[in-house]
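A short write-up of the structure that comes next.
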Amino acid sequence: MSKEEILEKMKRAIVEGNKEESQVLAKTALERKMDLNEVVEKGFVSGIQKVGALWEKGEYFLPELITGAECMKAVMDILQPEIEKAQIQTQSQGKIVIGTVEGDIHDIGKNLVASMLSANGFEIIDLGADVKLETFTEKAVAENADFICLSALLTTTMLGQKKVIELLKERNLSGRFKILVGGAPVNQRWADDIGADGYAENAMAAVKLAKKLIQG
Ligand code: B12
């Protein structure tokens with residue numbers, strides 16, 4: 001089987017909600033020592049994106065969305081430890097507080113970003129999903145973090161990213177942390193509008209951006 005065929009199978013397994021097949025394919029990727037970034041982004045993630053698109057078109061309903069997400073989780077449970085093991089940098093590149101903002105339970109993308117950052121030498125404090133906005137500022141202060149990374153997947157919860165920046169302003173903490181924002185509805189324009197330090201559209205881009213910002 002060619003690499004392209006495997007990637008296509010990965011996508012299909014998520015779209016069809018076939019958990020067993022998804023897990024088998026994730027293990028195949030490890031056995032074949034495939035590039036895990038490519039496996040995640042071009043294989044499995046393109047599957048969950050297709051699920052979202054079918055849901056938007058009204059062809060899929062909530063149960064299919066949930067099954068797709070469960071497959072993604074099962075796959076990431078297999079791949080995430082390996083991604084993190086392949087630590088590229090040993091010396092800490094900086095400390096990052098990351099989470100999905102209040103009211104939003106989507107955490108697949110956030111977990112992916114956290115794993116990639118960790119694999120690239122950043123120290124990660126993962127607050128999880130549906131995180132109270134004050135918790136981001138409090139943890140960042142307590143941990144003396146370099147970055148606050150805010151994930152939001154809903155147009156309604158994107159506002160939480162703006163509010164965290166406002167909270168920092170109110171507490172005279174503007175500029176103390178670099179704020180990165182991301183998530184499907186987020187874009188560079190939104191990041192600029194709310195005064196974030198950066199936006200990245202995927203996990204690898206987030207690593208590049210964090211490295212660039214830490215080097216000043
Ligand atoms: C899986 C999924 C779910 C799962 C989530 C499971 C989980 N544990 O995460 C479940 C089924 C639970 C779910 C629930 C809901 N969902 Co949903 N879901 C999705 C779906 C299909 C995929 C999201 C995903 O995991 N993508 C794969 C990951 C890898 O991509 P990603 O999250 O975008 O992350 C990447 C980048 O954005 C970036 N990134 C992410 N975070 C960050 C942070 C930083 C700092 C940086 C730099 C980068 C970055 O890097 C990541 C890796 O490449 C999307 C469709 C879509 N187009 O996104 C809908 C979607 C997000 N969901 C949607 C909705 C409406 C809901 C529900 C409200 C449905 C309902 N009626 O109950 C609930 C929300 C409940 C809540 N309060 O949060 C809508 C949102 C619409 C909108 N505009 O607001 C979407 C867009 C579907 C659609 N097409 O309409 N969902």
Side-chain angles (χ1 to χ4, degrees), residues 36-37 40-41 76 79-153 157-216:
L36 295 187
N37 185 40
V40 171
E41 294 286 349
M76 291 314 292
L79 299 180
Q80 222 150 350
E82 297 303 318
I83 292 174
E84 285 171 27
K85 237 194 263 168
Q87 186 123 1
I88 298 151
Q89 302 265 358
T90 45
Q91 206 188 347
S92 176
Q93 297 276 299
K95 216 183 231 189
I96 296 185
V97 165
I98 188 168
T100 306
V101 298
E102 199 167 347
D104 197 328
I105 60 165
H106 296 87
D107 66 356
I108 297 171
K110 182 268 296 167
N111 291 343
L112 204 53
V113 172
S115 299
M116 285 295 181
L117 286 166
S118 169
N120 281 274
F122 289 91
E123 204 179 320
I124 302 297
I125 297 141
D126 189 344
L127 304 178
D130 190 14
V131 179
K132 271 186 129 242
L133 304 180
E134 292 80 11
T135 309
F136 284 103
T137 60
E138 285 161 11
K139 267 279 171 194
V141 170
E143 296 282 349
N144 195 19
D146 300 291
F147 292 89
I148 300 178
C149 286
L150 304 164
S151 184
L153 266 287
T157 56
M158 277 166 74
L159 280 174
Q161 298 176 326
K162 184 170 184 244
K163 285 192 193 136
V164 171
I165 293 172
E166 285 167 0
L167 272 177
L168 289 167
K169 236 182 243 159
E170 277 167 27
R171 291 169 195 184
N172 290 323
L173 291 166
S174 290
R176 173 144 169 212
F177 313 106
K178 296 198 165 35
I179 314 294
L180 305 189
V181 292
V186 179
N187 55 30
Q188 186 63 54
R189 177 146 185 223
W190 170 251
D192 293 341
D193 283 352
I194 64 173
D197 296 285
Y199 155 79
E201 67 169 336
N202 60 45
M204 272 324 286
V207 169
K208 262 195 212 155
L209 177 65
K211 281 189 171 171
K212 192 175 112 194
L213 289 173
I214 203 91
Q215 279 155 10

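- The CD atom of Glu84 sits 11.0 Å away from the CG atom of Asn120 when rounded to the nearest 0.5 Å.
- A salt bridge between Lys110 and Asp126 is present, with a side-chain N of the basic residue lying under 4.0 Å from a carboxylate O of the acidic one.
- When side chains are defined from C-beta on, Val40 counts as touching Ile83, because their heavy atoms get closer than 4.5 Å.
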Steps toward side-chain contact (heavy atoms from CB on, under 4.5 Å) verdict (Ile179, Leu168): CA-CA 10 Å; Ile179 314 294; Leu168 289 167; 3.4 Å; yes
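- Distance check: Leu36 CG to Gln80 CD gives 11.5 Å after rounding to the nearest 0.5 Å.
- Taking both residues in full, the closest heavy atoms of Ala129 and Ile105 are given as CB-O, 3.9 Å, listed atom of the first, atom of the second, then distance.
- The closest donor-acceptor contact from the side chain of Glu134 to the backbone of Leu167 lies at 3.5 Å or more, if one exists at all.
- Between the side chain of Ser118 and the backbone N or O of Ala114, no donor-acceptor pair lies under 3.5 Å.
- Checking side-chain atoms of Thr157 against main-chain N and O of Val101 turns up no donor-acceptor pair under 3.5 Å.
- Shown here for Ala200 and Ala205, the closest heavy-atom pair between the two residues is CB-C, 3.6 Å.
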Go through it in stages, so that I can follow the logic: the residues are Ile98 and Ile124, the test is side-chain contact (heavy atoms from CB on, under 4.5 Å), and I'd like the CA-CA distance, side-chain angles, deciding distance and then a yes or no. CA-CA 7 Å; Ile98 188 168; Ile124 302 297; 3.8 Å; yes
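- Counted within 6.0 Å of NZ on Lys95, heavy atoms from surrounding residues, nucleotides or ligands total more than 12; the atom is thus considered enclosed.
- Atoms CG and CG, on Asp197 and Asp192 in that order, are 10.5 Å from each other to the nearest 0.5 Å.
- The heavy-atom pair separating Ala191 from Val181 by the smallest distance is CB-CG2, 3.7 Å.
- For Leu133 against Gly160, the heavy-atom pair with the smallest separation is CD2-O, 3.8 Å.
- Side chains of Ile96 and Leu180 form no contact here, defined as non-hydrogen atoms less than 4.5 Å apart.
- Leu213 is listed as a side-chain neighbour of Phe147, based on a closest heavy-atom distance under 4.5 Å.
- A salt bridge is absent between Glu166 and Lys163: the closest approach of a Lys/Arg side-chain nitrogen to an acidic carboxylate oxygen does not fall below 4.0 angstrom.
- Leu127 CG to Ser151 OG: the interatomic distance, rounded to the nearest 0.5 Å, is 12.0 Å.
- Annotation: side chain of Leu117 is not in contact with side chain of Gln93 (no heavy-atom distance under 4.5 Å).
- The backbone N or O of Ala152 lies less than 3.5 Å from no partner atom in the side chain of Asp104, so there is not a single donor-acceptor pair.
- For Gln161 (side chain) and Leu150 (main-chain N/O), a donor-acceptor pair under 3.5 Å exists by modelled atom type.
- Taking 4.5 Å as the limit, every side-chain heavy atom of Phe122 sits out of range of all side-chain heavy atoms of Asp146.
- Taking the side chain as every heavy atom from C-beta outward, Arg189 and Tyr199 never approach each other to under 4.5 Å.
- Within the structure, side-chain hydrogen bond (donor to acceptor under 3.5 Å, both in side chains) contacts touching residues 169-187 (residues at least two apart or in different chains) are Thr137-Arg171.
- Looking only at side-chain heavy atoms (C-beta outward), Asp130 and Glu102 come within less than 4.5 Å of each other.
- Inter-residue side-chain proximity for Leu112 and Met76 is flagged as met; some heavy-atom pair is nearer than 4.5 Å.
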